[in-house]
Amino acid sequence: MRMTFQEVAVHAGKSGICPRCGKRASRSEKFYQTLNPFNKTADGSVKDYHTIQAELAVTRAAWKKEPTYHAKC
């Protein structure tokens with residue numbers, strides 16, 4: 001039996017100067033989690049849509065602060 005769970009996703013993009021080679025670089029990323037009974041918080045309760053979205057916003061903000069490298073650098 002196959003079960004499919006709803007995905008909560010946030011897309012982010014960033015661009016800047018690559019610290020290694022000095023050329024312009026851009027990156028994009030998809031951050032996601034699913035709404036399922038196994039995705040729980042530290043206290044053991046199941047995460048809802050808004051909790052997951054808040055966690056993804058924190059993850060996205062941390063990713064945007066990192067330097068932007070080319071894929072080959």
Side-chain angles (χ1 to χ4, degrees):
M1 183 166 128
R2 182 178 177 160
M3 297 183 74
T4 306
F5 298 108
Q6 181 183 358
E7 184 180 87
V8 179
V10 175
H11 294 272
K14 63 181 177 177
S15 62
I17 304 297
C18 177
R20 189 164 294 158
C21 67
K23 296 179 182 177
R24 291 200 48 81
S26 64
R27 311 270 358 136
S28 64
E29 188 75 29
K30 175 183 172 184
F31 302 98
Y32 68 94
Q33 292 183 25
T34 57
L35 289 170
N36 66 66
F38 308 107
N39 193 0
K40 297 183 179 185
T41 60
D43 65 357
S45 62
V46 177
K47 293 181 185 178
D48 64 349
Y49 183 84
H50 299 293
T51 306
I52 292 173
Q53 211 171 24
E55 286 182 8
L56 294 176
V58 170
T59 306
R60 178 181 58 186
W63 177 77
K64 282 190 159 232
K65 289 181 182 178
E66 295 175 1
T68 307
Y69 288 97
H70 285 112
K72 53 188 167 179
C73 285

Result for side-chain contact (heavy atoms from CB on, under 4.5 Å) between Q33 and one of V10, T59, L56 points to L56
Where at least one partner belongs to residues 4-23, residue pairs that pass salt bridge (Lys or Arg N to Asp or Glu O under 4.0 Å), sequence neighbours excluded: E7-K30
Using distance only, find each side-chain donor-acceptor pair of residues 61-73 under 3.5 Å and give its atom names and separation, not counting sequence neighbours.
{"residue": "K64", "atom": "NZ", "partner": "G13", "partner atom": "O", "Å": "3.2"}
{"residue": "H70", "atom": "NE2", "partner": "R24", "partner atom": "O", "Å": "2.8"}

Who else is in the cluster with I17 when I, L, V, M, F, W and Y are joined by side-chain contacts under 4.5 Å? none
Sequence neighbours left out, what passes side-chain hydrogen bond (donor to acceptor under 3.5 Å, both in side chains) with D48? Give chain and number order. T51
Indicate yes or no for a side-chain donor-acceptor contact from N36 to the backbone of F5 under 3.5 Å, with no hydrogens or angles considered. no
Gap between atom CD of Q6 and atom CG of L35 - 0.5 Å precision: 5.0 Å
Give me each pair satisfying ring pair (Phe, Tyr, Trp, His ring centres under 6.0 Å) with a member in residues 33-62, each pair once, sequence neighbours excluded. none
Looking at side-chain heavy atoms only, is the closest gap between V8 and T34 below 4.5 Å? no
Hey, what do you get for CZ (R60) to CD (Q53), rounding to the nearest 0.5 Å? 9.0 Å
Any residue meeting side-chain hydrogen bond (donor to acceptor under 3.5 Å, both in side chains) with T41, in chain and number order, not counting sequence neighbours: D43, S45
Not counting sequence neighbours, which residues clear salt bridge (charged side-chain N to carboxylate O under 4.0 Å, His left out) with E29? List them please. none
